[in-house]
Student: 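A single structure is presented below for examination.
As the structure is a prediction and not an experimental result, all values here were calculated from the model. Along the sequence shown, the residues carry numbers beginning at 1. Whatever order the structure lists ligands and atoms in, that order sets their numbers, starting from 1.
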Amino acid sequence: MRNEQAASYAAGAMGYLTKTPAVCLTVSGPGLIHALGGMANAQVNGWPLIVIGGSCDRDQEGLGGFQEFPQVETSRLYSKYTCRPTEVNFIPFHIEKAFRQSIYGRPGTSYIDLPGDLISQETNKTIVYPPKCCDPPHSLAPKELIKSLTDFLTTAKKPLVIIGKGSSYSRAENPIRELIEKHKIPFLPTPMGKGVVSDSSPFCVASARSKALAQSDCVLLLGARLNWILHFGQPPRFNPQVKILQVDISMEELHNSVQSSVAIHGDIGSVVQQINKDLDERKWTLNQNSSWWAELLKKKNDNINTIKEMMSDVSTPLNYYAAYNEIQSLIPKDSIIVNEGANTMDIGRTMLLNDSPRHRLDAGTFGTMGVGLGSAIAAALWCEDNAPKKRVICVQGDSAFGFGGLEMETVNRYHLPIIVIIFNNSGIYTGLDAESFKMLEEEGTHPTLCIPPTSLLPNARYEKITQMFGGKGYYVRTVEELRTALKESLSDTKQPSVINIEIAPTAQRKAQEHPWLTRSKM
Ligand code: ADP
């Protein structure tokens with residue numbers, strides 16, 4: 001790849017998609033520093049990743065050696081495990097431990113430092129290899145805790161299940177689908193929890209998200225943290241009386257932000273099977289005619305109608321909803337969607353539907369902007385090995401594309417048929433149209449003094465970046481042009497394409513009930 005940062009993003013995403021750490025190799029000093037972004041991204045997301053960094057020869061250390069840097073110490077903040085084997089015979093032990101640490105408990109990053117002189121060392125000792133790393137054990141919950149959890153769930157007036165990317169990572173989709181569908185409980189996916197149960201399920205209340213969170217009196221949290229993504233579980237976004245029922249593989253995560261009424265340490269898939277068994281014995285199903293379901297359905301319909309209005313406005317430059325509506329109607333249901341940007345990601349989360357787990361990759365828990373092309377490359381390589389017909393659709397804001405746009409050379413070099421769609425509103429959140437931009441530019445002594453830092457060059461022709469490398473590029477202004485470009489791109493299974501959509505610089509998302517990151521004083 002062109003930059004270690006994109007390579008480490010790709011390796012982290014591959015770890016999430018395969019449940020096995022991918023390995024990112026970097027050169028010393030600056031090479032490792034570039035990879036820190038991906039190490040932090042994987043670590044904060046709870047994804048397995050192994051980074052192996054070359055480093056300065058040990059006999060040059062302290063003398064200003066080539067690319068000398070305290071790499072082990074630096075990596076410690078970004079990793080679960082860091083090491084530098086002291087001699088060549090010990091390398092296998094550190095590899096086994098790095099691998100095991102990256103997948104046991106909450107997954108994360110392992111860093112192995114290999115100085116130049118160690119790599120070229122020889123040994124005449126017989127190396128005794130450690131045994132192969134076993135899969136992590138699946139821990140179950142004590143029966144009393146399951147009973148206590150189902151007592152709360154079945155007596156709640158307004159139960160809600162929140163499905164996070166921990167459920168997706170842990171492959172818990174089958175028992176969770178059974179829990180939701182058999183017992184008819186409303187559920188809310190987090191951004192990367194989408195698809196564990198299909199977004200099209202009648203039990204999905206994503207389009208009544210604010211209402212569901214604010215009103216529910218009992219939330220079953222499956223593989224999601226009560227962090228900023230879930231407003232720390234606090235009012236006004238959550239009901240102040242809400243009972244939290246929590247299942248997590250990380251003991252340290254239990255009771256974070258809000259004290260849980262039942263906190264279970266265990267593997268989601270196994271624990272949900274225990275919950276299902278108990279609910280079967282109770283013969284319990286949530287009443288579909290309850291006032292809770294009626295409230296949720298009403299809100300769902302109201303919100304869908306508001307969005308329908310915005311989708312039907314196809315005046316140019318386009319708004320986000322009109323463009324997303326066209327994309328959603330054309331892309332195959334089983335596409336892997338990569339989505340990042342400001343408004344582009346927020347709106348894309350609601351407009352692009354996922355049918356299957358691990359089919360959405362975005363800025364994640366760390367809110368990392370610039371992960372898009374790295375994630376898309378990982379997804380395309382995963383498809384090559386596992387589902388060659390599946391498409392990868394990478395929808396990015398123009399600002400997000402700018403972080404690593406030259407990785408399009410990598411995409412073209414390996415003939416990865418990724419479709420990159422850029423929502424180009426000429427700015428971060430909002431931009432300026434060409435005329436206003438020019439006026440401001442001419443106003444002062446230097447453009448840096450007059451142009452807002454969130455504005456980017458209006459109508460930049462990003463599609464030409466892929467054309468430089470032989471890929472197809474389209475600049476589109478209308479839904480008809482978007483339709484033609486997307487159909488052509490979908491019919492080409494050998495080559496990537498970039499579709500650059502001109503979006504109104506001031507287009508916004510649907511009005512929100514609460515400001516972003518609302519949190520009461522605790
Ligand atoms: P989201 O961003 O979707 O809200 P988070 O990354 O915040 O999700 O939370 C995922 C949670 O899932 C983490 O707390 C992690 O420890 C947990 N987790 C990961 N794998 C498992 C598993 N197999 N069983 C239970 N919990 C898991």
Student: Does K194 pair with D199 as a salt bridge, N-O distance under 4.0 Å?
Tutor: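 D199 and K194: salt-bridged.
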Student: When you check the side-chain N and O atoms of R360 and N339, is any donor under 3.5 Å from an acceptor?
Tutor: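 Side chains of R360 and N339: pair found under 3.5 Å.
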Student: List every atom of ligand 1 that sits less than 4.0 Å from any heavy atom of N227, numbering the atoms from 1 in the order shown and giving each element.
Tutor: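 Per the distance check, 7 (O).
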Student: Please list, in number order, the atoms of ligand 1 under 4.0 Å from a heavy atom of S170.
Tutor: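 Counting atoms of ligand 1 from 1, those under 4.0 Å from S170 are 22 (C), 23 (N).
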Student: Show which atoms of ligand 1 fall inside a sub-4.0 Å distance from at least one heavy-atom site of T365.
Tutor: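 Contacts of ligand 1 toward T365, numbered from 1: 2 (O), 6 (O).
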Student: Could you pull out all residues at least two apart from K158 that satisfy salt bridge (Lys or Arg N to Asp or Glu O under 4.0 Å)?
Tutor: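 K158: salt bridge (Lys or Arg N to Asp or Glu O under 4.0 Å) contacts with E295.
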Student: Give a yes or no on this: more than 12 heavy atoms of other residues, nucleotides or ligands lie within 6.0 Å of atom OH of Y169.
Tutor: yes
Student: Has W228 got a side-chain atom pairing as donor or acceptor with T365's backbone, closer than 3.5 angstrom?
Tutor: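 Yes; judged by distance alone, with no hydrogens or angles, the pair exists.
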Student: Note the single closest protein heavy atom to atom 25 (C) of ligand 1, along with its residue, its atom name and the distance in Å.
Tutor: I268 CG1, 2.9 Å
Student: Going by the closest heavy atom to atom 21 (C) of ligand 1, which one wins out of I249, I229, L226?
Tutor: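 It is I249 that holds the nearest heavy atom.
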Student: Would you tell me which option among K165, M251, K194, E252 has the nearest heavy-atom contact to atom 2 (O) of ligand 1?
Tutor: K165
Student: Would you mind running through ligand 1 and noting each atom that sits below 4.0 Å from a heavy atom of G164?
Tutor: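 The atoms of ligand 1 under 4.0 Å from a heavy atom of G164 are 3 (O).
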Student: Students should be able to answer this: which protein heavy-atom is nearest to atom 16 (O) of ligand 1, and at what distance?
Tutor: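 The protein heavy atom lying closest is D248 OD1, 2.6 Å.
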Student: Number the atoms of ligand 1 from 1 as they appear, then name those within less than 4.0 Å of a heavy atom of G223, with their elements.
Tutor: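 Near G223, meaning under 4.0 Å from one of its heavy atoms, ligand 1 has 8 (O), 9 (O), 10 (C), 11 (C), 12 (O).
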Student: With salt bridge (charged side-chain N to carboxylate O under 4.0 Å, His left out) as the test, pick out the partner of D302 among K299, K298, K300.
Tutor: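 Result for salt bridge (charged side-chain N to carboxylate O under 4.0 Å, His left out) with D302: K298.
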Student: Quick check on the 6.0 Å ring-centre criterion: do Y78 and Y111 meet it?
Tutor: no
Student: Of the backbone atoms (N, CA, C, O) and the side-chain heavy atoms from C-beta on, which set of E253 has a member under 4.0 Å from an atom of ligand 1: side chain, backbone, both, or neither?
Tutor: side chain
Student: Can you say whether the rings of Y81 and H94 are parallel (under 30°), tilted (30 to 60°) or perpendicular (over 60°)?
Tutor: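 Y81 and H94: parallel rings.
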Student: Identify all side-chain donor-acceptor contacts of residues 381-397 below 3.5 Å with residues at least two apart in sequence or on another chain.
Tutor:
residue, atom, partner, partner atom, Å
N386, ND2, W382, O, 2.8
K390, NZ, D334, O, 3.2
K390, NZ, H359, NE2, 2.8
R391, NH1, L490, O, 2.8
R391, NH1, D492, O, 3.3
R391, NH2, P417, O, 2.9
R391, NH2, D492, O, 3.1
Q396, NE2, E340, OE2, 2.7

Student: Are Y324 and T350 linked by a side-chain donor-acceptor pair shorter than 3.5 Å?
Tutor: no
Student: Please could you name the atoms of ligand 1 that S250 approaches to less than 4.0 Å, counting only its heavy atoms?
Tutor: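 Those qualifying, in numeric order: 16 (O).
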Student: Would you check whether G266 reaches within less than 4.0 Å of ligand 1, judged by its heavy atoms?
Tutor: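 Judged by the 4.0 Å heavy-atom criterion, G266 does count as contacting ligand 1.
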Student: Would you mind checking which non-hydrogen protein atom is closest to atom 7 (O) of ligand 1, with the distance to 0.1 Å?
Tutor: R225 NE, 2.8 Å
Student: Checking a contact table here: which protein heavy atom is nearest atom 23 (N) of ligand 1, and how many Å away?
Tutor: D267 OD1, 2.8 Å
Student: Using a 4.0 Å cutoff against the non-hydrogen atoms of R106, which atoms of ligand 1 qualify?
Tutor: 13 (C), 14 (O), 15 (C), 16 (O)
Student: Once you restrict to heavy atoms under 4.0 Å, what part of T190 touches ligand 1? Side chain, backbone, both or neither.
Tutor: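 The answer is the side chain.
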